[in-house]
Amino acid sequence: MVVKAYGTQAATLPLEPMDITRRTVGAHDVQIEILFCGICHSDLHQARSEWAGTLYPCVPGHEIVGRVAEVGAHVTAHKPGDLVGVGCIVDSCRHCAECDEGLENYCDGMVGTYNGQTADPPGHTLGGYSQQVVVHEHYVLKITHPEEQLAAVAPLLCAGITTWSPLRHWGAGPGRKVGIVGIGGLGHMGIKLARALGAHVVAFTTSEGKREDALKLGADEVVVSRDAEAMGAHAQSFDLILNTVAAPHDLDAFLTLLKRDGTMTLVGAPAAPHPSPNVFNFIMRRRSLAGSMIGGIPETQEMLDFCAEHGITADIEMIRAEEIETAYERMLKGDVKYRFVMDIATM
Ligand code: NAP
Ligand code: ZN
Ligand code: ZN
């Protein structure tokens, strides 16, 4: 099946309309008519080969929501007409220890929704900036939010799960003080989810203009991280800090805000390394620096169900497909409140 998509042929070229081929629906496959796709900063890193290893043509997009168009003979969990989502994973080995635990995100055979190895043409996966996608049933999530919220659900499939998984793993909840660094797509979801889990939430931003928004999103306190005095007031007080910043920066400024045994988890994936942190900031209080990558399929469903139950969606700005390059440039300037979502009908 040939469908319309937006992608690029090289790191230095803009995204443009292109035709791509989707495989025939197999026995365990679900064919999805894509309605909306969120724009993640990872899409920009990948399209412009900032992490190296991008395969072209590159069609980004891993915050996919839409309607089931067709299912294979053995599919029982989904049926035509259902509202569904696909996040960052479209395949994995399904028999290793990680897959058995529902942590497909850490499987050596994990296949990303774009730039992953596949037998389908052109030999690597092509993402959600496209009209249709065909995905193995195991990686298709159920959406129970009201249909009118569908576009604002899309960002949950990456920004939502990437913050939910570490918040759950490191125990964000009542009585815990949690910092969220960087109020972008991931960060704004981190605030909403940490708040809904019952933690005391402090938002860290470089943008004074986001102070009021961060409070509305659910932060109990907001700190402009360029203000050394305001930072110092939180010294040695955090159980967990989730750092979503997409650029290299001084980690020590945040490590010193952790209490004894506190952890800072990095989810931001900048193209260049952070300056090396001071070892004494770990030794002196048994602190940890950690990382976390998206989340597994069961926890993604758990997060979607939690969000539906608590009325949580992303704050979005809808774009037409041809506005994608402008959206990327605005994202680089931190000028997005708080996630762009592409209306696939405009393709
Ligand atoms: P985003 O919407 O662009 O948000 C990033 C935020 O970081 C900005 O809004 C800004 O917040 C802050 N920031 C501060 N200085 C910055 C600078 N010099 N350049 C860019 N941002 C700066 O990006 P996102 O979609 O949330 O993604 C954030 C990062 O997480 C990206 O590197 C992305 O690739 C990565 N990511 C990782 C995973 C994972 O599995 N670990 C999953 C998805 C995305 P303030 O204005 O508040 O300072
Ligand atoms: Zn993403
Ligand atoms: Zn596996």
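Atoms within each ligand, like the ligands themselves, are counted from 1 in listed order.
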Check this for me: does any side-chain nitrogen of one of [X] and [Y] sit under 4.0 Å from a carboxylate oxygen of the other?
X: K259; Y: D239; result: yes
X: K4; Y: E322; result: no
X: D261; Y: R286; result: yes

| query | Looking at the Zn ion (ligand 2), which N/O/S atom of H62 is the nearest one? | reply | NE2
Could you find the nearest protein heavy atom to [atom] and give me its residue, atom name and distance?
atom: atom 43 (C) of ligand 1; result: C158 SG, 3.3 Å
atom: atom 48 (O) of ligand 1; result: T206 OG1, 2.6 Å
atom: atom 47 (O) of ligand 1; result: T205 OG1, 2.6 Å
atom: atom 4 (O) of ligand 1; result: G184 CA, 3.3 Å
atom: atom 3 (O) of ligand 1; result: H41 ND1, 2.7 Å
atom: atom 25 (O) of ligand 1; result: R339 NH1, 2.6 Å
atom: atom 12 (C) of ligand 1; result: G182 CA, 4.0 Å
atom: atom 40 (O) of ligand 1; result: I294 N, 2.7 Å

Numbering the atoms of ligand 1 from 1, which are under 4.0 Å from a heavy atom of [X]?
X: M331; answer: 3 (O)
X: L186; answer: 24 (P), 25 (O), 26 (O), 27 (O), 30 (O), 36 (N), 43 (C), 44 (C)
X: S292; answer: 39 (C), 40 (O), 41 (N)
X: T244; answer: 28 (C), 29 (C), 30 (O)
X: S207; answer: 45 (P), 46 (O)
X: W51; answer: 34 (O)
X: G185; answer: 1 (P), 2 (O), 4 (O), 26 (O)

Just by distance, with hydrogens left out, do [X] and [Y] show a side-chain donor and acceptor under 3.5 Å apart?
X: D252; Y: N281; value: yes
X: T113; Y: Y139; value: no
X: Q31; Y: R22; value: no

| Hydrophobic cluster membership, L266 vs L167, 4.5 Å side-chain cutoff | no
| field | Residue part near ligand 1, for K210, under 4.0 Å between non-hydrogen atoms | value | side chain
| query | Side chain, backbone, both or neither: which part of Y328 has a heavy atom under 4.0 Å from ligand 1? | reply | neither
| request: Please check if atom CZ in R226 has more than 12 non-hydrogen atoms from other residues, nucleotides or ligands closer than 6.0 Å. | output: no
Beyond-backbone contact of [X] with [Y], side-chain heavy atoms, under 4.5 angstrom:
X: D43; Y: Y328; result: yes
X: H45; Y: H41; result: yes
X: C158; Y: I294; result: yes

| query | Does H78 use its side chain to pair, donor to acceptor, with the backbone of V30 at less than 3.5 Å? | reply | no
Evaluating non-hydrogen atoms only, which member of [options] is closest to [atom]?
atom: atom 18 (N) of ligand 1; options: A247, A246, G334, S42; result: A247
atom: atom 38 (C) of ligand 1; options: L266, I183, N105, T162; result: T162
atom: atom 15 (N) of ligand 1; options: D43, N243, V245; result: V245

| message | I need the SG(C107)-the Zn ion (ligand 3)-SG(C99) angle, rounded to 10 degrees. | response | 110°
| message | Among T244, L186, L242, exactly one meets side chain to side chain contact (heavy atoms under 4.5 Å, CB included) together with T162. Which residue is that? | response | L186
| Mind checking whether F254 and F204 have parallel, tilted or perpendicular rings, split at 30° and 60°? | perpendicular
| Using the ring of each side chain (for Trp, its six-membered ring), is Y338 parallel, tilted or perpendicular to H188, with breaks at 30° and 60°? | parallel
| request: For C40 and ligand 1, answer yes if some heavy atom of the residue is under 4.0 Å from a ligand atom, otherwise no. | output: yes
| Closer than 2.8 Å to the Zn ion (ligand 2), do we get an N, O or S atom from C158, backbone or side chain? | yes
| said: Below 3.5 Å, N or O to N or O, backbone or side chain included: is there any such pair between V267 and ligand 1? | reply: yes
